[in-house]
Every structure is written in C-alpha cells, then in structure tokens.
Amino acid sequence: MAVSNRSARLRRLARALNEQYGLDYRQHQQIEPEYDDARTWTYTWTDGPTVEQVKRAARKADPEATDGLRYERRLSQETFVLGLVRHSGDRETETDGLERPYLAEMAVEELWRKVPSPKPRTERERLLVEAIVTEANGGRGRGWASRYELCRLVQERGLAPFLERAVELAPIEVLTVRYASGRGSMAWRHRLKPLTAQEAFSAVQADPEAPADAVAAALTLVPELHAALDAAAAALRSRTPPAPPRPALAVVPGSGVDDRLAVGAGDQEVVRDEP
C-alpha cells in the first residue's frame, strides 16, 4: 500500500534526526534519504550514531513512513583507518609469522557496528590516523584512497613509520626503535608493541656505545623498574610462611632472673636456681 506523502515525511524526519544526533553537514555526517531505481528508500549517513540507534528513533517517530526503509551508516576514511589502528593493536587479532595482523574491511565494520560516533581516544591516536590517511591519499584529494588501499598500506608498512614521524615518542619507544630486533622489531612496526622496561634497560646496559639520549631514556625507566622489583619481592614474601614464635622464658621466683621478664610457664622452659 502506498504511503501518503512519503518523500516529504522522510526528508522531514531526516532533518529532525540530524538535529537530534548533532550531525554536522560540513563533515558530510548528516542523514540523507536516497531513492534508487529499485524504488527503495534508504537513509545514509557517515560515522555518527549506529544503524540500530537511527532505526529505532526513525520507527518511533513515523512508523508508517519508515516501513521498509533501509539504513546504511558509512565510515569516513579517518574512522576506517582508526579501526585499522585499533584492530592492529588488539592482542586478539590474528597475525602472520612476521607479526603482521590480518586486516579486512569486514573486521573494521564489525569493530564499529555497535559503537556510536567512533573517535580517537587521544591526540596521539588522531595524529597517527591523520598521517596514514594523508599518505594513502597522496595529494590526490580527500577521500581518494579506497578501503583496499588503506588496508594494504597498513598491512605492508605497519603503524610505527607513521607514528614516528607524527608524534614525539616516549622513552621506551625510543629505545624500542633503537634496540628491538627480529620479532620484537616487527611487533613494534606493525602493532606498536614496545620492549618491556627490563628489556630496554638491559639493552642500553649492554651497549658500551649507547648515545647520551639512549642513556637518558633508560634512566627514565628506573622508577618503573624499582616498582616492578618491589612488587615482585612483595609477592615472594607473601609465599613465605611466617617464622614460628620463639618460646618465652618462664621464671621461677627466687631464680635470680628479673621477675618482670616472666610471662608464665605453661609448656615453656622453666629456669631454676642451681642448688
């Protein structure tokens, strides 16, 4: 059955939903009703609320006009790359023999499926994403690189080369870049997994030609190493049974021992005067 004035109602509802969720037209986020050759209406938007959020709100506002309406949330390049960064660093992500994570479009879609308005957690993460997107587009304009190109870039180059030129590295990361080798180097390159504090400190100790900045970086790790050692020592002490109490000395009056030291005989040793 045809719905009366459906086009106008869906457009009016889209405007209301854009206001409800604060979607920015300048960021191409706003919900837009689209009508295709199959005579099907679809709400499309970029990033922002989840499909379930929009679907629930739309059906509640106008159940008749939204009957049969399709919903499609698209991901911006930045949000898609942010998903690649998170997926790469996730310990649950499967990797190959070179510590390279397996990256796929569907994995990123699933990562964000229930997450409204995905955003970087820190400025450092935002700058990392920006560096990858800029490299992928290669001066061809915003949004030029495809998802396949983005996946391939991160898969082949890793994350570390982009992070190293986008932000100032932490001391442990500086030492990882200098001293990590083999799988450790690949884990840093592709998953941003640094050396442990002990590994990094030991590497500087073993390097007689360590430059001043490496020595300075190692010295910043000392408080962390002390804290780890103290925690380990406390854990070992907790596994050691307490020493049995020493038997108290019971004193018989007239024995010559100060009676103030007497604590009661019981089963304890009794001291008597020799005849």
Side-chain angles (χ1 to χ4, degrees), residues 27-28 46-47 75-91 93-105 107-108 111-112 117-197 199-204 207 209-221 224:
Q27 298 295 322
H28 309 285
T46 301
D47 300 337
L75 300 178
S76 65
Q77 273 192 330
E78 289 77 12
T79 299
F80 185 79
V81 170
L82 179 61
L84 292 176
V85 170
R86 299 271 181 90
H87 194 58
S88 296
D90 188 346
R91 289 180 298 178
T93 299
E94 187 178 357
T95 61
D96 64 14
L98 296 176
E99 292 290 335
R100 294 179 302 189
Y102 292 109
L103 302 176
E105 295 179 36
V108 176
L111 177 67
W112 296 137
S117 303
K119 290 181 174 60
R121 298 188 183 109
T122 62
E123 178 67 4
R124 168 189 169 104
E125 193 174 50
R126 186 192 70 78
L127 291 172
L128 171 58
V129 167
E130 183 180 276
I132 295 171
V133 169
T134 300
E135 175 81 11
N137 288 329
R140 297 173 293 179
R142 179 185 176 89
W144 186 271
S146 68
R147 287 184 171 189
Y148 171 78
E149 290 176 303
L150 293 169
C151 286
R152 182 176 177 182
L153 177 65
V154 175
Q155 177 85 39
E156 294 182 352
R157 298 274 297 278
L159 301 177
F162 299 104
L163 184 71
E164 289 167 18
R165 69 173 187 240
V167 304
E168 181 178 354
L169 299 182
I172 187 69
E173 294 170 336
V174 171
L175 296 178
T176 298
V177 172
R178 181 174 182 85
Y179 292 107
S181 60
R183 293 180 65 90
S185 176
M186 297 301 287
W188 166 249
R189 182 180 186 85
H190 291 281
R191 301 172 58 204
L192 298 182
K193 181 182 178 182
L195 296 174
T196 66
E199 289 170 336
F201 192 87
S202 297
V204 178
D207 181 5
E209 298 181 357
D213 61 333
V215 173
L219 291 175
T220 67
L221 304 177
E224 180 181 347

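With hydrogens and angles ignored, the 3.5 Å screen pairs a side-chain donor or acceptor of Gln77 with a backbone N or O of Ala145. With hydrogens and angles ignored, the 3.5 Å screen pairs a side-chain donor or acceptor of Glu149 with a backbone N or O of Ser146. Here the side chain of Thr93 pairs no donor or acceptor atom with the backbone of Ser88 at under 3.5 angstrom. Looking at Gln155, its side chain does come within 3.5 Å of a backbone N or O of Pro101 through a donor-acceptor pair. Side chain of Thr134 to backbone of Ala131: no donor-acceptor contact under 3.5 angstrom is found. For Thr46 (side chain) and His28 (main-chain N/O), a donor-acceptor pair under 3.5 Å exists by modelled atom type.
Closest heavy-atom contact between Ala136 and Arg140: O-NH2, 2.7 Å. In plain terms, the two heavy atoms of Ala214 and Ala210 that are nearest each other are CB-CB, 4.5 Å. Nearest approach of Ala200 to Ile172, heavy atoms of both residues: CB-CD1, 3.5 Å. Across all non-hydrogen atoms, the minimal contact from Glu105 to Tyr148 is OE2-N, 4.0 Å. The two residues Ala107 and His87 have their closest heavy-atom pair at CB-NE2, 3.7 Å. What you find for Trp144 and Asn137 is that their closest heavy atoms are N-OD1, 3.2 Å.
Interatomic distance, His190 NE2 to Glu156 CD, rounded to the nearest 0.5 Å: 9.5 Å. We find the CD-CG distance between Glu135 and Leu150 to be 11.0 Å, quoted to the nearest 0.5 Å. For the atom pair CG (Leu82) and CD (Glu130), the distance works out to 13.0 Å, reported to the nearest 0.5 Å. Taking CZ from Arg86 and CZ from Arg121, the interatomic distance works out to 3.5 Å, rounded to the nearest 0.5 Å. Taking CG of Leu175 as the reference point, atom CG of Leu221 lies at 6.0 Å (rounded to 0.5 Å). A distance of 11.0 Å separates OG1 of Thr95 from CG of Leu103, quoted to the nearest 0.5 Å.
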- Message: Let's go through Arg189 and Glu99 carefully: what are the C-alpha distance in whole Å and the side-chain angles of both, what is the deciding distance for salt bridge (Lys or Arg N to Asp or Glu O under 4.0 Å) to 0.1 Å, and is it a yes or a no?
- Response: CA-CA 9 Å; Arg189 182 180 186 85; Glu99 292 290 335; over 6 Å; no
- Task: Apply side-chain contact (heavy atoms from CB on, under 4.5 Å) to the pair Leu111 and Asp90, showing each step before the final yes or no.
- Result: CA-CA 11 Å; Leu111 177 67; Asp90 188 346; over 6 Å; no
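Shown are Lys193, Arg178, Arg124; of these, the salt bridge (Lys or Arg N to Asp or Glu O under 4.0 Å) with Glu173 is made only by Arg124. Checking each of Val154, Val129, Leu153, Val167 against Phe162 for a side chain to side chain contact (heavy atoms under 4.5 Å, CB included) leaves exactly one that passes, namely Leu153.
The number of heavy-atom neighbours closer than 6.0 Å to CZ of Arg91, taken from other residues, nucleotides and ligands shown, is 12 or below. Surrounding CZ of Arg165 are more than 12 heavy atoms belonging to other residues, nucleotides or ligands, all under 6.0 Å away.
Ionic pairing of Glu123 and Arg126 is present here: one or more N-O contacts between side-chain nitrogen and carboxylate oxygen are shorter than 4.0 angstrom.
Proximity of Leu75 to Arg147: side-chain heavy atoms (C-beta onward) are separated by under 4.5 Å at one or more points.
In this model, no donor atom of one side chain and acceptor atom of the other lie less than 3.5 Å apart for Glu125 and Thr122.
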